[in-house]
2 protein chains.
Amino acid sequence: MRRVLVVDDEPQMLRALGINLRARHYAVATAPDGATALRLAGHCPPDAIVLDLGLPDLDGVEVIAGLRVWCSAPIIVLSGRTGPAVTVEALDAGADDYLTKPFSMDELLARLRAVLRRPVPAAQPRETVEVAAFTVDLGSYTAVPTSGEGEPLHFTPTEWRLLAPLLRNPGRLVTGAQLLRDVWGPGRENRTNYLRIYMSALRRKLEPDPSRPRHLITEPGMGYRFDP
Amino acid sequence: MRRVLVVDDEPQMLRALGINLRARHYAVATAPDGATALRLAGHCPPDAIVLDLGLPDLDGVEVIAGLRVWCSAPIIVLSGRTGPAVTVEALDAGADDYLTKPFSMDELLARLRAVLRRPVPAAQPRETVEVAAFTVDLGSYTAVPTSGEGEPLHFTPTEWRLLAPLLRNPGRLVTGAQLLRDVWGPGRENRTNYLRIYMSALRRKLEPDPSRPRHLITEPGMGYRFDP
DNA sequence: GTGCTCCTTGACGGTGCCTTGACGCGGTTG
DNA sequence: CAACCGCGTCAAGGCACCGTCAAGGAGCAC
């Protein structure tokens, strides 16, 4: 089942899209604003994204750019604002399609089929992030020195699970409880010692000076942040 | 330079599109009708196609279907006919985008950039992989010593099925569950002992030192990886 | 029927990963 | 100044996972 992330600030539009998409057997996640969208996409990578431009917190182009940092899933933009300038801006920011409200639900579904039709199996969705001297690919689970020379890094499953939500939300703070839920599942939100152990291991492998981390940054009392 | 095939029955539209596209450094081929379009696309495979639906000889959907038989280049449809039904029909026939006339040239160019941004479907007819001292060909199911001298290797059907997804994704981690699905079909994701047995057999045949594998690498808790 | 190859299944030992507890350090608070 | 809290580090134990061997059974050629 393909996962679709729907981002819109109007609850009724969110409901309408969710119902229609679920009826077509998509797995739907919804977000009411840009920050939630970026966070959700980081924790559960979707196969496609339907994005309304008129969000309360972030500009639409910022959301697209934030997603495109690591996410290559097709983005279909919905917008009430018309005119070629906005369309061009959104498309050049990384969107794959642009629909003007009011739109036909049938047309949206057809355009969604069109972007999802693109070859998935052979295409290797790369999710490469540069961190310190290494190029980390969350898609193929590889971490090699960016220079090309040297030994690749090896991470354990838990280390990969912890690394993923951080690297997929560059510059953003990720709550300790959120990380614990992502890695160890719900019910372990208070086992912060797990986080300390594995963050230590990640820093020892990735950071040039593990005692003074520059990329995997602790926000005391809040959580952690990946600074690219 | 990317090749674009423009199909439209109005000569002035053809000229306008040709001028604008050439100004953006595209190589442009033009066709006034569907038959010419199909012929041209066959002679010189384009990277993208801009297709007007109102052609004198063939219906637009027929042209799309005719192209899609062998051509996977993105198709942007232009149409004077409006309404969601036509759009849906064209998209489901295989088009990638749909613009209603009159359209903004800037928007068309942006949409063209968007569809051309997609990674080239990397047709890789080359199915031979060098692993250790052997040259393995997944197309003909042969594995001979790279030196030319010596006995060819023999793999059982199950061993070939297990080898294929690993060798087709060099450097990439392949999940144990994915391998089990590929080889034994869905529903056997927990029979990890199968994997252990056959990975052991593959290593015994391919690796110089089966006890210390260098190409068929285990990632504990995650899966296996072919390291070339 | 006989012999062969191949797939399946069970059992056993070892390695590496996860968990758990404890301790030290720095910053904040009373 | 002392107590406390949050964070980073280390070491040790348990256990899931992995590699290997061996035996049983199905399918096929002769």
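All chains are named by letter (A, B, ...) in the order of the sequence lines, taking the proteins before the strands, and each is independently numbered beginning at 1. Because only heavy atoms are used, hydrogens play no part in the values below, and waters and symmetry mates are left out as well, while side chains stay in.
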*Asks:* Measure the spacing between CZ of A:R39 and CG of A:L173 and express it to the nearest 0.5 Å.
*Replies:*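 A:R39 CZ to A:L173 CG: 11.0 Å, rounded to 0.5 Å.
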
*Asks:* In this structure, how many angstroms lie between the P atom of D:dC18 and the CE atom of B:M222, rounded?
*Replies:*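 Between P of D:dC18 and CE of B:M222: 11 Å.
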
*Asks:* Does D:dG8 have OP1 or OP2 under 4.0 Å away from a side-chain N or O of A:S200?
*Replies:*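 No, outside the criterion.
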
*Asks:* State plainly whether the residues A:E10 and A:K101 are in salt-bridge range, i.e. N to O under 4.0 Å.
*Replies:*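 Counted as a salt bridge, because a side-chain N and a carboxylate O are separated by less than 4.0 Å.
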
*Asks:* Please list, in 5' to 3' order, the outermost nucleotides of DNA chain C lying under 4.0 Å from any heavy atom of chain B.
*Replies:*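 Contacts span C:dC6 to C:dG10, reading 5' to 3'.
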
*Asks:* What integer distance in Å separates A:L162:CG from D:dG8:P?
*Replies:*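 Taking atom P of D:dG8 as the reference, CG of A:L162 is at 12 Å.
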
*Asks:* Take the protein atom CZ of B:R203 and the nucleotide atom P of D:dT20, then report the distance between them rounded to whole Å.
*Replies:*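 Taking atom P of D:dT20 as the reference, CZ of B:R203 is at 7 Å.
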
*Asks:* Between A:F226 and A:L163, is any pair of side-chain heavy atoms under 4.5 Å apart?
*Replies:*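 The answer is no; the side chains never approach within 4.5 Å.
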
*Asks:* Working note: B:L179 + B:L166, criterion side-chain contact (heavy atoms from CB on, under 4.5 Å); need CA distance, chi angles, decisive distance, verdict.
*Replies:* CA-CA 8 Å; B:L179 289 172; B:L166 288 168; 4.1 Å; yes

*Asks:* State plainly whether the residues B:R214 and B:E207 are in salt-bridge range, i.e. N to O under 4.0 Å.
*Replies:*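 Salt bridge between B:R214 and B:E207, a charged N being under 4.0 Å from a carboxylate O: no.
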
*Asks:* Whole angstrom is fine here: how far is it from CG in B:L202 over to P in D:dT20?
*Replies:*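 Those two atoms, CG and P, are 12 Å apart.
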
*Asks:* Please confirm whether the shortest side-chain N or O distance from B:R196 to OP1 or OP2 of D:dT20 is below 4.0 Å.
*Replies:*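 Result: no.
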
*Asks:* Nearest nucleotide by nearest heavy atom, which residue falls closer to the 5' end of DNA chain C, B:Y194 or B:H154?
*Replies:*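 Final value for this comparison: B:H154.
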
*Asks:* Any side-chain N or O of B:T218 under 4.0 Å from OP1/OP2 of D:dG19?
*Replies:*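 So the side chain of B:T218 is within the cut-off, an N or O lying under 4.0 Å from OP1 or OP2 of D:dG19.
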
*Asks:* Mind checking A:L195 for me? I need base, sugar-phosphate or nothing, with any heavy atom below 4.0 Å counting as a touch.
*Replies:*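 If one applies the 4.0 Å heavy-atom cut-off, A:L195 turns out to touch nothing in the nucleic acid.
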
*Asks:* Look at A:D96 together with B:R118 and state whether they make a salt bridge at an N to O cut-off of under 4.0 Å.
*Replies:*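 Salt bridge between A:D96 and B:R118, a charged N being under 4.0 Å from a carboxylate O: no.
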
*Asks:* Expressed in angstrom and rounded to an integer, what is the separation of B:R204 atom CZ from D:dT20 atom C1'?
*Replies:*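 That distance rounds to 8 Å.
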
*Asks:* Which residues, if any, of residues 205-212 of chain A bring a heavy atom under 4.0 Å of DNA chain C?
*Replies:*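 Correct list: empty, so none.
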
*Asks:* Does the side chain of A:Y26 come within less than 4.5 Å of A:L17's, by heavy atoms?
*Replies:*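 No, side chains not in contact.
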
*Asks:* Could you grab the distance from atom CG of B:L180 to atom OG1 of B:T192, nearest 0.5 Å is fine?
*Replies:*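 OG1 of B:T192 is found 7.5 Å from CG of B:L180.
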
*Asks:* Is the shortest side-chain heavy-atom distance between B:R113 and A:D92 below 4.5 Å?
*Replies:*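 Answer yes - side chains close enough.
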
*Asks:* For a side-chain contact (heavy atoms from CB on, under 4.5 Å) check, start with the C-alpha distance between A:L206 and A:H215, then their side-chain angles and the critical distance, and finish with the verdict.
*Replies:* CA-CA 9 Å; A:L206 281 170; A:H215 300 96; over 6 Å; no

*Asks:* A:Y141 and B:E219: side-chain contact (heavy atoms from CB on, under 4.5 Å), yes or no, with the steps?
*Replies:* CA-CA 10 Å; A:Y141 294 103; B:E219 297 280 352; over 6 Å; no

*Asks:* Tell me: CG of B:L179 to P of D:dC18, nearest whole Å?
*Replies:*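 Taking atom P of D:dC18 as the reference, CG of B:L179 is at 11 Å.
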
*Asks:* Which parts of residues 182-193 of chain B get close to DNA chain D, meaning a heavy atom less than 4.0 angstrom away?
*Replies:*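 Under 4.0 Å from DNA chain D: no residue of residues 182-193 of chain B.
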
*Asks:* To the nearest 0.5 Å, what is the distance between CG (A:N20) and CG (A:L108)?
*Replies:*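 Those atoms lie 8.5 Å apart.
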
*Asks:* Answer yes or no: does a side-chain N or O of A:Y224 lie under 4.0 Å from OP1 or OP2 of D:dG6?
*Replies:*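 Indeed not, no polar side-chain atom of A:Y224 lies that close.
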
